[in-house]
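Residue numbers run from 1 in the order of the sequence given.
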Amino acid sequence: MDLRIFTEPQQGATYDDVLAVARATEDLGFDAFFRSDHYLTMGGDGLPGPTDAWTTLAGLARETSRIRLGTLVSSATFRYPGVLAIQVAQVDQMSGGRVELGLGAGWFAQEHAAYGIPFPAKRFGILTEQLEIVTGLWGTPVGETFDHAGEHYTLTDSPALPKPVQRSPLDPSRPGVPVIVGGGGPTRTPALAARFAAEYNQAFPEVASVPGRIAHVRAACVEAGRDPATLVQSVALVLCVGRDEAELARRAAAIGREVPELRANGIAGTPDEAVERLTWLASQGVERVYLQVLDLADLEHLQLVAEQVAPHLPGA
């Protein structure tokens with residue numbers, strides 16, 4: 001099982017804060033460092049303010065060497081798809097081929113209002129077209145052009161440059177980066193993942209719902225003529241682990257959460273409890289877990305998980 005560190009810098013973090021966590025992620029042996037793509041805090045004052053996801057990842061691409069880097073998830077409302085394709089391809093080049101793109105429809109209306117970003121009522125069609133365009137631009141052979149005429153976007157005679165370093169997991173004959181699609185819907189999102197994604201992510205699900213959602217997306221793959229085994233199954237869950245109840249309570253208080261709720265909904269409790277939940281998730285078909293780290297100053301938290309949880313997981 002892959003363990004990835006997932007952060008929410010819009011809650012209040014500088015680039016240096018994020019860099020410290022990314023370096024700890026690399027040094028402690030975790031698989032990847034991911035961050036949200038938001039511009040407004042969801043609680044508290046958010047000081048010193050947000051950092052842009054792809055600007056941050058460009059910096060981390062040059063200041064790390066092993067871990068994979070990406071967004072969980074970028075909002076389709078934030079960037080034109082042609083611009084996003086260029087940004088992601090460039091960061092992939094800067095990292096030596098370590099980037100992944102999580103892309104979603106967007107949901108946080110307040111941040112759009114706060115920064116003057118249009119927030120259409122219906123966004124699923126926008127997301128679908130963005131996935132068509134981004135993957136189409138990357139996959140167009142060098143020397144050929146890409147065109148798209150859709151409801152939301154029109155591209156004419158695009159040179160479809162630059163290209164990512166990586167090859168598309170869905171078609172290794174073409175350039176591309178792994179795309180992550182997630183959501184809880186039973187039909188449209190699984191179909192979109194089956195069509196475009198290397199990974200299907202469940203973000204903060206009720207734990208008991210995980211197997212059913214996996215079944216939905218596997219069925220969507222079969223319907224699309226795709227081998228379900230080629231789609232990585234992942235979940236994102238909040239992390240709060242302590243050696244004892246006092247340490248656990250201190251970490252829960254630091255992120256404004258209650259211990260019983262964290263135990264019910266996250267990777268939380270003692271290291272043994274964390275191992276138990278992660279092992280159960282693996283038994284249900286989850287191959288990758290994003291550990292949502294909300295206190296970016298508590299690097300000892302990551303060290304505890306690396307030393308007392310990760311070595312005891314399936315495949316470790």
Side-chain angles (χ1 to χ4, degrees), residues 1-2 4 6 32 34 36-37 68 70-78 81 84-85 88 100-108 120-136 138-139 148 150-153 168-172 174 176-238 265-266 277-278 280-290 292:
M1 174 180 278
D2 291 338
R4 296 183 160 189
F6 170 48
F34 271 59
S36 59
D37 194 355
R68 298 191 68 78
T71 51
L72 202 66
V73 291
S74 286
S75 173
T77 58
F78 285 175
L84 180 63
V88 177
E100 302 182 15
L101 170 64
L103 190 60
W107 62 271
F108 192 18
K122 296 183 178 180
R123 300 178 301 282
F124 196 84
I126 292 172
L127 172 61
T128 301
E129 278 194 52
Q130 288 224 356
L131 287 165
E132 292 171 345
I133 292 166
V134 169
T135 57
W138 292 335
H148 176 90
E151 179 182 353
H152 304 284
Y153 305 102
S168 167
L170 276 61
D171 182 0
R174 296 176 179 268
V177 310
V179 171
I180 303 164
V181 170
T187 54
R188 293 196 303 174
T189 301
L192 206 61
R195 182 179 172 191
F196 292 106
E199 176 181 330
Y200 173 72
N201 178 260
Q202 301 182 43
F204 313 108
E206 292 185 7
V207 176
S209 73
V210 169
R213 292 186 182 187
I214 290 176
H216 281 139
V217 76
R218 285 177 171 167
C221 286
V222 172
E223 186 174 347
R226 177 177 175 182
D227 180 358
T230 65
L231 183 64
V232 174
Q233 300 292 332
S234 71
V235 298
L237 294 168
V238 63
N265 299 310
R277 172 143 292 171
L278 289 164
W280 180 83
L281 288 167
S283 75
Q284 303 304 308
V286 175
E287 302 160 79
R288 179 173 294 155
V289 176
Y290 293 82
Q292 185 197 39

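Formation of a donor-acceptor pair under 3.5 Å by the Arg226 side chain with backbone atoms of Ala194 is found in this model. Here the side chain of Glu287 pairs a donor or acceptor atom with the backbone of Gln233 at under 3.5 angstrom. In this structure a side-chain-to-backbone donor-acceptor pair under 3.5 Å is missing from Arg174 to Trp138. With Glu129 contributing its side chain and Glu151 its backbone, the two residues share a donor-acceptor pair below 3.5 Å. In this structure, Tyr153 contributes its side chain and Ile126 its backbone to no donor-acceptor pair below 3.5 Å. Thr71 places a side-chain N or O within donor-acceptor distance of the main-chain N or O of Gly102, the cut-off being under 3.5 Å.
Expressed to the nearest 0.5 Å, how far CZ of Arg218 lies from CG of Asp227 amounts to 10.0 Å. Tyr200 OH to Ile214 CD1: the interatomic distance, rounded to the nearest 0.5 Å, is 9.0 Å. Expressed to the nearest 0.5 Å, how far CG of Leu127 lies from NZ of Lys122 amounts to 15.5 Å. Asn265 CG to Leu237 CG: the interatomic distance, rounded to the nearest 0.5 Å, is 8.5 Å. For the atom pair CD (Glu132) and NE2 (His148), the distance works out to 5.5 Å, reported to the nearest 0.5 Å.
Between Arg213 and Glu206 no salt bridge is recorded (no basic side-chain N to carboxylate O distance below 4.0 Å). Taking the charged nitrogens against the carboxylate oxygens, Glu100 and Arg4 do have a contact shorter than 4.0 Å, which makes a salt bridge.
Here the closest heavy-atom approach between residue Ala191 and residue Ala220 is recorded as N-CB, 3.9 Å. Contact between Ile180 and Phe34 at its shortest, heavy atoms only, is CD1-CE2, 3.6 Å. Nearest heavy-atom pair across Val210 and Val286 is CG1-CG2, 3.8 Å. Closest of all the heavy-atom pairs between Ser209 and Gln202 is O-OE1, 4.3 Å. When every heavy atom of Met1 is checked against every heavy atom of Leu278, the shortest pair comes out as CE-O, 3.3 Å. Among all heavy-atom pairs drawn from Cys221 and Pro228, the shortest one is CB-CA, 3.9 Å.
A heavy-atom distance below 4.5 Å is found between the side chains of Val181 and Leu131. Residues Ser234 and Tyr290 have side chains in contact (heavy-atom distance under 4.5 Å, counting atoms from C-beta outward). Proximity of Arg195 to Thr128: side-chain heavy atoms (C-beta onward) are separated by under 4.5 Å at one or more points. Using a 4.5 Å heavy-atom cutoff, the side chains of Ser74 and Leu101 are in contact. Side-chain contact check for Pro178 versus Arg68: some heavy-atom pair is nearer than 4.5 Å. When side chains are defined from C-beta on, Leu281 counts as touching Val235, because their heavy atoms get closer than 4.5 Å. Looking at Leu103 and Phe196, their side chains never come closer than 4.5 Å, going by heavy atoms from C-beta outward.
Counted by atom type alone, Asp37 and Ser75 present zero donor-acceptor pairs between their side chains at under 3.5 Å.
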